[in-house]
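Note sheet for the following structure.
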Amino acid sequence: MGRIVEAEAYRGPEDRAAHSFGGRRTARTEVMFGPPGYAYVFLVYGLHWHFNLVTTAAGAPHAVLIRAVEPLEGLELMADRRGSSASHRDLTNGPGKLCSAFAIDRAAYGADLTRAPLFLSEPPREAARPRVLRSPRIGIDYAGDWAARPWRFYDAQSRSVSRRPGSAARGNCSAR
DNA sequence: TTAAGGATCTCCT
DNA sequence: GGAGATCCTTAAA
């Protein structure tokens, strides 16, 4: 279990950075065209899985990429899956890393995110509301004007975000 | 059938 | 800070 601390919005079909750009509907993107609450999982660079939440009503191929999580329970299992060299902070502070730690792969494609084994839940009532910063999305330089949109959101306090403001190679800015 | 190119991570310097 | 890993998806022929 973990707390989501970083995410990015992808708004096809207009959004050039989205896999569903232009209404591209294939076996891979199919789940994004369906109802919300399901998992869109895909492979990047032939190596790493990425985990997205399908959002918005059926027909609108929108998704939210989960980029980082703060590990809460099952740390030993996560470390085991990630390799013994992974430090606590390195367990889930990146989209590929968290998929490895949570054992998310193609088998999770289309999974119902309201039911075990992979599901979202409300934060505890007593949990403080995090201060959320935003920046441009990561790794989508090819997307033209869309690359500049501040559609990456992350918890200002969390040490588990993938790129810290000020230390990033490109694209980071903080606003509100 | 083929070729090109990724919504990254790790290891090395 | 930079290169290599590595294979699926897509589009075009």
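In what follows, every chain begins at residue 1, and chains take the letters A, B, ... in the order their sequences are listed. Please read all numbers here as calculations on a predicted model, not as lab measurements.
For the pair A:Arg16 CZ and B:dG6 P, the interatomic distance rounds to 12 Å; values are reported in whole Å. The separation between A:Leu47 atom CG and B:dC11 atom P is 13 Å, rounded to whole Å. Protein atom CZ of A:Phe21 is 17 Å distant from nucleotide atom C1' of C:dT9, rounded to whole Å. Atom CH2 of A:Trp49 is separated from atom P of C:dT6 by 16 Å (rounded to the nearest Å). Between the OH atom of A:Tyr109 and the C1' atom of C:dT9 there is a distance of 12 Å, given to the nearest Å. Atom CG in A:Asp15 sits roughly 10 Å away from atom C1' in B:dA7 (whole-Å rounding). Distance, A:Leu91 CG to B:dT10 C1': 15 Å, rounded to whole Å. Computed from coordinates, the A:Trp146 CH2 to B:dA7 C1' distance equals 16 Å when rounded to whole Å.
The side chain of A:Arg24 contributes no N or O atom lying less than 4.0 Å from OP1 or OP2 of C:dT9. Contact between the side-chain N/O atoms of A:Arg82 and the OP1/OP2 oxygens of B:dC9 is not found at any separation under 4.0 Å. Not one side-chain nitrogen or oxygen of A:Arg28 sits closer than 4.0 Å to the OP1 or OP2 atom of C:dC8. At C:dT9, none of the side-chain N or O atoms of A:His19 fall inside 4.0 Å of OP1 or OP2 (strictly under the cut-off). Phosphate proximity of B:dA7 to A:Tyr45: absent, as no side-chain N or O sits under 4.0 Å from OP1 or OP2.
At least one side-chain heavy atom of A:Leu113 sits less than 4.5 Å from a side-chain heavy atom of A:Leu118.
Judged by closest nucleotide on DNA chain C, A:His48 is the one of A:Arg106 and A:His48 placed further toward the 5' end.
Listed candidates were B:dT8, B:dT10, B:dA7. Nearest to the side chain of A:Asn52 is B:dA7.
As the counterpart of B:dA3, C:dT10 is assigned, both hydrogen-bonding distances of the Watson-Crick or G-U wobble pattern falling under 3.5 Å. Both distances falling under 3.5 Å, in either a Watson-Crick or a G-U wobble arrangement, place C:dA3 opposite B:dT10.
Looking at heavy-atom distances under 4.0 Å, A:Leu43 makes contact with sugar-phosphate atoms alone, never a base. As judged by a 4.0 angstrom heavy-atom cut-off over every strand, A:Thr26 is placed among residues touching the sugar-phosphate backbone only.
Geometric assessment of A:Arg24 against the ring of A:Phe21 yields a negative cation-pi assignment under the 6.0 Å and 45° thresholds. A cation-pi arrangement is present between A:Arg137 and A:Tyr10, with the terminal nitrogen or guanidinium carbon under 6.0 Å from the aromatic centre and inside a 45° cone about the axis.
Heavy atoms of other residues, nucleotides or ligands lying less than 6.0 angstrom from CZ of A:Arg81 number more than 12.
At a threshold of 4.0 Å, the pair A:Arg82-A:Asp90 does not count as salt-bridged, since none of the basic side-chain nitrogens sits closer than that to a carboxylate oxygen.
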